[in-house]
Amino acid sequence: MSERKYWLMKSEPYEFSIDDLMSRENQTTYWEGVRNYQARNFMRDQMKVGDGVLFYHSRVNPLVIAGTMNVASEPYPDPSQFDPDSKYFDEKATEEKPRWFLVDVQFTQKFEPPVTRDTLQETPGLEDMMVLRKGARLSIQPVTEQEWNIVHELAGVDPK
DNA sequence: GCCAACGTTGGC
DNA sequence: GCCAACGTTGGC
């Protein structure tokens, strides 16, 4: 019985938002397009089914945590790396030696209203949150259980 | 839309 | 294997 871990995953909502996730079949999607090794390694090596994920909307105003998801699959190769028509195509990746991995994620809850970055920044206990650090570009980040709980308090809902 | 910070690439 | 050049990210 392994301990549940917590994560934050970023998406530009005009590309893929929490509403898009909610409208998918089973409210589940594959988190395609990660092309950063550190972020890939988190998905490939550390994520477990059932882990909690904060859904962060980046490059938009206001910047928010829009809600939460659960890791819903084991890691597997990102199909888009093999697809020449995909913007995520990687000519150096092969089916035998895939370079990029992903997991499925399933919608858990939407924060109404969402928790803004401004709120996160002024909340005690979140000082070390990676997403708040200047220049933090990593699109998948670990979150502590304490941070997970505080964010849910700010959202006014119970953690699930 | 700008641009600083960051990650990756590739010549040497 | 260093590091300059380049491309990308993401807050503002």
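Since this is a predicted model, take the numbers as computed values, not measurements.
- We find that NZ of A:Lys10 is positioned 11 Å from P of C:dT9, with the value rounded to whole Å.
- Note on A:Tyr88: every side-chain N or O is 4.0 Å or more away from OP1 and OP2 of C:dT8.
- Side-chain contact of A:Glu12 with A:Tyr14: a donor-acceptor pair under 3.5 Å is present, judged by distance alone.
- The CG atom of A:Leu138 sits 11 Å away from the C1' atom of B:dG7 (whole-angstrom rounding).
- Nearest to the side-chain atoms of A:Lys134 among the listed nucleotides B:dT8, B:dA4, C:dG11 stands B:dA4.
- Spacing between atom CE of A:Met129 and atom P of C:dG11 amounts to 12 Å, rounded to whole angstrom units.
- Residue A:Arg133 contributes atom CZ, which lies 18 Å from atom C1' of B:dA4 at whole-angstrom precision.
- The residue A:Asn36 sits close only to the backbone: its heavy atoms come under 4.0 Å of sugar-phosphate atoms, none of a base.
- If you check B:dG10, C:dC12, B:dC6 against the side chain of A:Lys92, the one that comes closest is B:dG10.
- The shortest distance between side-chain heavy atoms of A:Phe55 and A:Phe107 does not fall below 4.5 Å.
- If you look at A:Trp31 and A:Phe101, their ring centroids are not closer than 6.0 Å.
- Here the nucleotide nearest the side chain of A:Gln38, chosen from C:dC12, B:dG7, B:dA5, is B:dG7.
- Counting to the nearest Å, the P atom of C:dT9 and the CD1 atom of A:Ile140 are 13 Å from each other.
- The nearest whole Å value for the distance from the CG atom in A:Asp90 to the P atom in B:dT9 is 9 Å.
- Contact check on A:Asp51 versus A:Arg4 returns no salt bridge, with no Lys/Arg side-chain nitrogen under 4.0 Å from an Asp/Glu carboxylate oxygen.
- In this structure, A:Arg35 reaches neither bases nor backbone, as no heavy-atom distance under 4.0 Å exists between it and the strands shown.
- When the C1' atom of C:dG11 is taken as reference, atom CD1 of A:Ile65 falls 15 Å away, rounded to whole Å.
- Just one of A:Lys10, A:Arg117, A:Gln141 meets the side chain to side chain donor-acceptor pair (under 3.5 Å) condition when paired with A:Tyr56; it is A:Arg117.
- With distances taken from any side-chain atom of A:Arg99 to the nucleotides B:dT9, B:dA5, C:dG11, the minimum falls on B:dT9.
- Here B:dA5 is the nucleotide among B:dA5, C:dC12, B:dT8 with the atom lying nearest to any side-chain atom of A:Arg137.
- One can place CE of A:Met130 at 18 Å from P of C:dT9, the figure rounded to the nearest angstrom.
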